[in-house]
Amino acid sequence: MKPLLLLLFLSSVTFQAIAQTVSFYGSPTSPISSGAVVPAGKQLLWTSGVTAGVADSTAAEGSYARFGDTKTQAINILKNLEKAVKAKGLTFKDVLMLRIYVTPDHFKGNKHDYQGWFDAYAQYFGTKENPTKPTRSTLGIMALTHPDKFIEIELVAVFP
């Protein structure tokens, strides 16, 4: 009788551990997940929108080099977000959702540089080091608060 009770207890603990993980779903070939299920009781970390810092402090205000292109800015933002989640005890493996706002790049004919964003994203998510593919929305908007900033990113992560 005791071995059976032990087996039932261990099965229950194992089931609870499995049930407590976030599950992502969607096409395995997509760089993002279609959705995610977060178990009840999980704590979330939400960030405000983050824009890039100065890429080249020696570059003149209003020059392209000052903040860089969309990809350069996105990498800058992702590095800063990575530090922010690390300060809370998390990694990019814990990222649940990203919301991205992309503005037209007036140095590149006023076109939204979505590919620059996609290339930066691919360095951090869906990789061998970080297989997590969070849910994501990428929105094309007219402008941010600074005319030379072309991308802003919000992040939601879930505590393990």
Next on the checklist: Show the nearest heavy-atom pair for residues Pro134 and Phe24, with the distance to one decimal.
Outcome noted: CA-CE2, 3.9 Å
Item to check | In one Ile/Leu/Val/Met/Phe/Trp/Tyr side-chain cluster, 4.5 Å: Val50, Leu155 | outcome: yes
Checklist entry - Picking from Thr138, Ile100, Leu98, Ile153, what satisfies side chain to side chain contact (heavy atoms under 4.5 Å, CB included) with Tyr121? => result Leu98
Next on the checklist: Working to the nearest 0.5 angstrom, can you tell me the gap between Thr135 OG1 and Arg99 CZ?
Outcome noted: 9.0 Å
Next on the checklist: Can you see whether Tyr124 engages Glu129 through a side-chain donor-acceptor pair at a distance of less than 3.5 angstrom?
Outcome noted: no
Checklist entry - Should Gln123 and Asp119 count as side-chain neighbours, where that means a heavy-atom distance under 4.5 Å? => result no
Next on the checklist: Just so I know, are the side chains of Glu152 and Val102 near enough to count as touching, which here means a heavy-atom distance under 4.5 Å?
Outcome noted: no
Item to check | Any donor-acceptor N or O pair under 3.5 Å, side chains Asp69, Thr72 | outcome: yes
Item to check | Cationic N near anionic O, under 4.0 Å, Asp113 to Lys108 | outcome: yes
Checklist entry - Counting only N and O atoms by type, is there a donor-acceptor contact under 3.5 Å from the side chain of Thr70 to the main-chain atoms of Trp117? => result no
Checklist entry - Under 3.5 Å, side chain of Arg66 to main-chain N/O of Ser57, donor-acceptor pair present? => result yes
Next on the checklist: Looking at Gly68, is its backbone amide N or carbonyl O close enough to the side chain of Gln73 to form a donor-acceptor pair, meaning the two atoms are under 3.5 Å apart?
Outcome noted: yes
Next on the checklist: Using the rule given for side chain to side chain contact (heavy atoms under 4.5 Å, CB included), can you reason through Asp105 versus Asn110, listing the C-alpha separation, both sets of side-chain angles and the distance that settles it, and then say yes or no?
Outcome noted: CA-CA 5 Å; Asp105 181 338; Asn110 284 320; over 6 Å; no
Next on the checklist: Once rounded to the nearest 0.5 Å, what's the spacing between atom NZ of Lys42 and atom OG1 of Thr21?
Outcome noted: 7.5 Å
Item to check | Audit row: Thr51, Lys149, side-chain hydrogen bond (donor to acceptor under 3.5 Å, both in side chains) steps and yes/no | outcome: CA-CA 7 Å; Thr51 60; Lys149 294 191 178 187; 3.3 Å; yes
Checklist entry - Less than 4.5 Å apart, any side-chain heavy atom of Thr91 and any of Val85? => result no
Item to check | Non-hydrogen atoms of Ser27 and Ser34 that approach each other most closely | outcome: N-OG, 4.3 Å
Checklist entry - Do Phe150 and His112 pass the ring-ring contact (aromatic ring centres under 6.0 Å, His included) test, and can you show the C-alpha distance, the side-chain angles, and the key distance before you say yes or no? => result CA-CA 8 Å; Phe150 309 124; His112 292 83; over 10 Å; no
Next on the checklist: Looking at every non-hydrogen atom in both residues, tell me the closest pair between Ile151 and Ile77 and how far apart they are.
Outcome noted: O-CD1, 3.5 Å
Next on the checklist: Please find the pair of heavy atoms, one from Phe159 and one from Lys88, that lie closest to each other, and give the distance.
Outcome noted: CE2-O, 3.4 Å
Next on the checklist: Are the side chains of Ser33 and Lys133 in contact, using a 4.5 Å heavy-atom criterion?
Outcome noted: yes
Item to check | Sequence neighbours excluded - ring-ring contact (aromatic ring centres under 6.0 Å, His included) pairs with any residue from residues 60-83 | outcome: Tyr64-Phe107, Phe67-His146
Checklist entry - Can you find a heavy atom in the side chain of Pro160 that is under 4.5 Å from one in the side chain of Val22? => result no
Checklist entry - Honestly curious: do Ile32 and Phe118 fall in one hydrophobic cluster under the side-chain, below-4.5 Å linking rule? => result yes
Next on the checklist: Is the shortest side-chain heavy-atom distance between Thr127 and Phe125 below 4.5 Å?
Outcome noted: no
Checklist outcome for this item: Note: Tyr114 and Gly140 closest approach over all heavy atoms is OH-CA, 3.2 Å
Item to check | Hydrophobic cluster identity match, Trp46 and Val158, side-chain contacts under 4.5 Å | outcome: yes
Next on the checklist: When you measure from the side chain of Thr132 to the backbone of Lys93, do you find a donor-acceptor pair of N or O atoms at a distance under 3.5 Å?
Outcome noted: yes
Checklist entry - If Ile, Leu, Val, Met, Phe, Trp and Tyr residues are connected whenever their side-chain heavy atoms lie under 4.5 Å apart, and connections chain through other members, are Leu45 and Met97 in the same group? => result no
Checklist outcome for this item: Between Lys128 and Pro131 the two heavy atoms that sit nearest each other are O-CD, 4.0 Å
Next on the checklist: Has Asp56 got a side-chain atom pairing as donor or acceptor with Ala65's backbone, closer than 3.5 angstrom?
Outcome noted: no
Item to check | Leu78 vs Phe92 side-chain heavy atoms within contact, under 4.5 Å | outcome: yes
